[in-house]
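Reviewing the structure listed below.
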Amino acid sequence: MLQIRRDLVDEMVAHARRDHPDEACGVIAGPEGTDRPERFVPMTNAARSPTFYEFDSAEQLRLYREMDGNDEVPVVIYHSHTATEAYPSRTDIALAGEPGAHYVLVSTRHPEDIELRSYRIVDGEVTEEPVEVVDSYLFSHTGADDVPDRG
Amino acid sequence: MAVTVSIPTILRTHTGGEKAVEASGATVAEIIDDLEARHGGLKTRLVKEGTLHRFVNVYVNDEDVRFSGGLEAKVSDGDTVTILPAVAGG
């Protein structure tokens, strides 16, 4: 499951709308080992294309060095599809290089009805996962163990 | 010539989990051959038909070698070589 703050979802959707009809892409970094997306980093789509995205390579190096220095990892890697559904394309699957990341797809094909879904992509295998949008990580439960026993 | 090579998460299975390893060579090609000798299996993840994979980024210090000679890009003692899978898709 991807648990993510509402403001971060809004940022991804706003970026996807802004770059439409080209694909938008970026990362939400978070502290290593927490699986908690925190720092929104929109990236330049060097391909500037409605059917393809690729992080600008110099920008990507700067981002990864920054994350290394902050003990962060790319918790979410997102991009938009501008004419098709929010499901990973064959190219997305073939090129997915971060087995620990949540791959978030945003579809802007219906501007009034934005679709956002999340996947794990490991060794060519796609697994969709639920997305839980929360107002804050502080008060949201993170698993069954956090629910008090009722007696 | 010894350089430090930064290894991306997805290739750390080849380096026993190490994030950074040492290698030596005067060009990116020589560095990759040395990496292969020390950590078998890395080369085919990086090189295809004599050129760098289109979707693997290799940097010498801050320079993406795609713009500075590819496999023939020069490497000097003390440089940092960084390997990152391109983040890309359709």
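Both backbone and side-chain heavy atoms feed into the values below; hydrogens, waters and symmetry mates do not. Lettering of chains follows the sequences in order, A, B, ..., and the numbering in each one begins at 1.
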Exercise for the section: Select, from A:Arg62, A:Met43, A:Glu23, the one with the greatest count of heavy-atom pairs under 4.5 Å involving chain B. Expected result: A:Glu23

Got a list of side-chain donor-acceptor pairs under 3.5 Å for residues 96-103 of chain A, not counting sequence neighbours?
| from | atom 1 | to | atom 2 | distance (Å) |
| --- | --- | --- | --- | --- |
| A:Glu98 | OE2 | A:Tyr64 | OH | 2.9 |
| A:His102 | ND1 | A:Glu129 | OE1 | 3.3 |
| A:His102 | ND1 | A:Glu129 | OE2 | 2.5 |
| A:His102 | NE2 | A:Asp35 | OD1 | 2.8 |
| A:His102 | NE2 | A:Asp35 | OD2 | 3.3 |
| A:His102 | NE2 | A:Arg120 | NH2 | 3.3 |
| A:Tyr103 | OH | A:Gly97 | N | 3.2 |
| A:Tyr103 | OH | A:Glu98 | N | 3.0 |

Problem - Pick from A:Asp92, A:Thr91, A:Ile93 with the largest number of heavy-atom pairs that fall under 4.5 Å of chain B - result: A:Asp92

Handout entry: A:Gln60, part contacting chain B, at a heavy-atom distance under 4.5 Å
Key = both

Problem - Connected via hydrophobic side-chain network under 4.5 Å: A:Ile121 and B:Ile10 - result: no

Fill in the blank from the handout: Cut-off 4.5 Å, heavy atoms of chain B, and the answer for A:Leu61 is both

Problem - Most chain A-contacting option - heavy-atom pairs closer than 4.5 Å, from B:Thr9, B:Leu11, B:Leu84, B:Thr82 - result: B:Leu84

Problem - Within one Ile-Leu-Val-Met-Phe-Trp-Tyr cluster: A:Val106 and A:Tyr119, side-chain cutoff 4.5 Å - result: no

Practice task
Mark yes when over 12 heavy atoms from residues, nucleotides or ligands other than A:Arg48 sit less than 6.0 Å from its CZ; otherwise mark no.
Solution key: no

Problem - chain B contact via A:Asn45 - which portion, at a heavy-atom distance below 4.5 Å - result: neither

Practice task
State yes or no: do A:Val13 and A:Val104 share one hydrophobic cluster built from I, L, V, M, F, W and Y residues joined by side-chain heavy-atom distances below 4.5 Å, directly or via other members?
Solution key: yes

Completion exercise
Heavy atoms of B:Gly90 and A:His81 approach each other most closely as O-NE2, 2.9 Å

What donor-acceptor contacts under 3.5 angstrom involve side-chain atoms of residues 62-69 of chain B, with partners at least two apart or in another chain?
| from | atom 1 | to | atom 2 | distance (Å) |
| --- | --- | --- | --- | --- |
| B:Asp62 | OD1 | A:Arg65 | NH1 | 2.4 |
| B:Asp62 | OD1 | A:Arg65 | NH2 | 3.4 |
| B:Asp64 | OD1 | B:Arg66 | N | 3.0 |
| B:Asp64 | OD2 | A:Ser57 | OG | 2.7 |
| B:Arg66 | NH2 | B:Val56 | O | 2.7 |
| B:Arg66 | NH2 | B:Asn57 | OD1 | 3.4 |

